[in-house]
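Okay, structure first, notes after.
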Amino acid sequence: MKKLDENFFRRDAVVVACELLGKTLVRFHDDGTTCRYRITATEAYLGGEDLACHASKGRTPRTEVMFHGGGKIYVYLIYGMYWMLNIVTGVEDHPQAVLICGLNEVKGSGRVGKLLKIDKSFYGEDLTGSTRIWLEDSETYTNYIYKPRVGVDYAGEWKDKLWRFETLD
DNA sequence: TGCACGATCTCG
DNA sequence: GAGATCGTGCAT
């Protein structure tokens, strides 16, 4: 299996979110076990203007990594409980990210973070060089549906963007 | 220095 | 339908 490289991530978040469906997420745990998952749901967040994207509030310590260009991991804690796993996309100074919402049978981005044992230490991790988490290529999944993103009602006109992608299985 | 709230999930 | 639980951003 071929590891996805920087060129895959340095594109528009909507394109990457869509093409990530069906790709393999590999997690190498501290205890030596390796787990592989198929990505089944993603959401795209487009920085600067998209009010649902944290980076629309500006460059802060939390959003900093989204300004560094595609291929890095952006994690943050939500509701004081769940670590959300995001993949930074696009090029420098164009903050964007793709939220991983579902893996195999696991639905819900909160449970994805729990399953993968994601925590703050993954902030800024380089997906193309990490030895504990990376993505592998596969055939591009064409059988998918798109719908509005979840939990972003506050984002005005941006809440209606059809930037959530799910495989059909 | 304090406070309200959120890209969620689980349990009644 | 409500609670768990805490970092972040914005108001004092």
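Naming: A, B, ... by sequence-line order, numbering from 1 per chain. For the numbers below, each heavy atom of this structure counts, side chains included, while hydrogens, waters and symmetry mates do not.
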Face-on cation placement of A:Arg27 at A:Tyr37 ring, 6.0 Å and 45° thresholds: no
Side-chain polar contacts of residues 83-93 of chain A - donor-acceptor pairs under 3.5 angstrom, sequence neighbours left out - could you list them?
unit_1, atom_1, unit_2, atom_2, d
A:Asn86, ND2, A:Tyr74, O, 3.1
A:Asn86, ND2, A:Met84, O, 3.4
A:Thr89, OG1, A:Gln96, OE1, 3.0
A:Glu92, OE1, A:Arg10, NH2, 2.9
A:Glu92, OE2, A:Arg10, NH1, 3.4
A:Asp93, OD1, A:Arg59, NH1, 3.4

For A:Cys101 against A:Glu43, the heavy-atom pair lying closest together: SG-CG, 3.5 Å
d(CG, A:Asn86; P, B:dA7) in whole Å: 11 Å
What protein N or O atoms touch nucleotides 3-5 of chain B N or O atoms at under 3.5 angstrom, if any, and at what distances?
none

N/O donor-acceptor pair under 3.5 Å between A:Thr42 side chain and A:Ala17 backbone: yes
Report each atom pair, protein N/O against N/O of nucleotides 8-12 of chain C, whose distance is under 3.5 angstrom.
unit_1, atom_1, unit_2, atom_2, d
C:dT8, O3', A:Arg62, NE, 3.4
C:dG9, OP1, A:Thr60, OG1, 2.8

Duplex segments of DNA chain C, taken as runs of at least three Watson-Crick or G-U pairs that stay under 3.5 Å: B:1-6 with C:6-11, B:8-11 with C:1-4
Integer-rounded Å distance: B:dA7 P and A:Ile78 CD1: 5 Å
Residue pair A:Asp137 / A:Thr24, side-chain heavy-atom distance below 4.5 Å: no
Sugar-phosphate, base or nothing in reach of A:Met81, heavy atoms under 4.0 Å: base
At a cut-off of 3.5 Å, list every protein nitrogen or oxygen paired with a nitrogen or oxygen from nucleotides 10-12 of chain B, distance to 0.1 Å.
none

Heavy-atom donor-acceptor pair, A:Lys23 side chain to A:Ser138 backbone, under 3.5 Å: yes
Sugar-phosphate, base or nothing in reach of A:Gly80, heavy atoms under 4.0 Å: base
Donor-acceptor pair under 3.5 Å, A:Tyr79 side chain vs C:dA4 base: no
Spacing of A:Phe165 atom CZ relative to B:dA7 atom P, expressed in whole Å: 19 Å
Distance-only donor-acceptor check, side chains A:Glu125 and A:Tyr123, under 3.5 Å: no
A:Tyr45-B:dA7 aromatic stacking (under 5.5 Å, under 30°): yes
A:Thr128 side chain near A:Phe8 side chain, heavy-atom distance below 4.5 Å: no
Contact summary for A:Phe122 and A:Lys117, nearest pair of heavy atoms: CE1-O, 3.8 Å
Near-strand residues of residues 144-164 of chain A, defined as heavy-atom separation under 4.0 angstrom from DNA chain B: A:Val150, A:Gly151, A:Val152, A:Tyr154
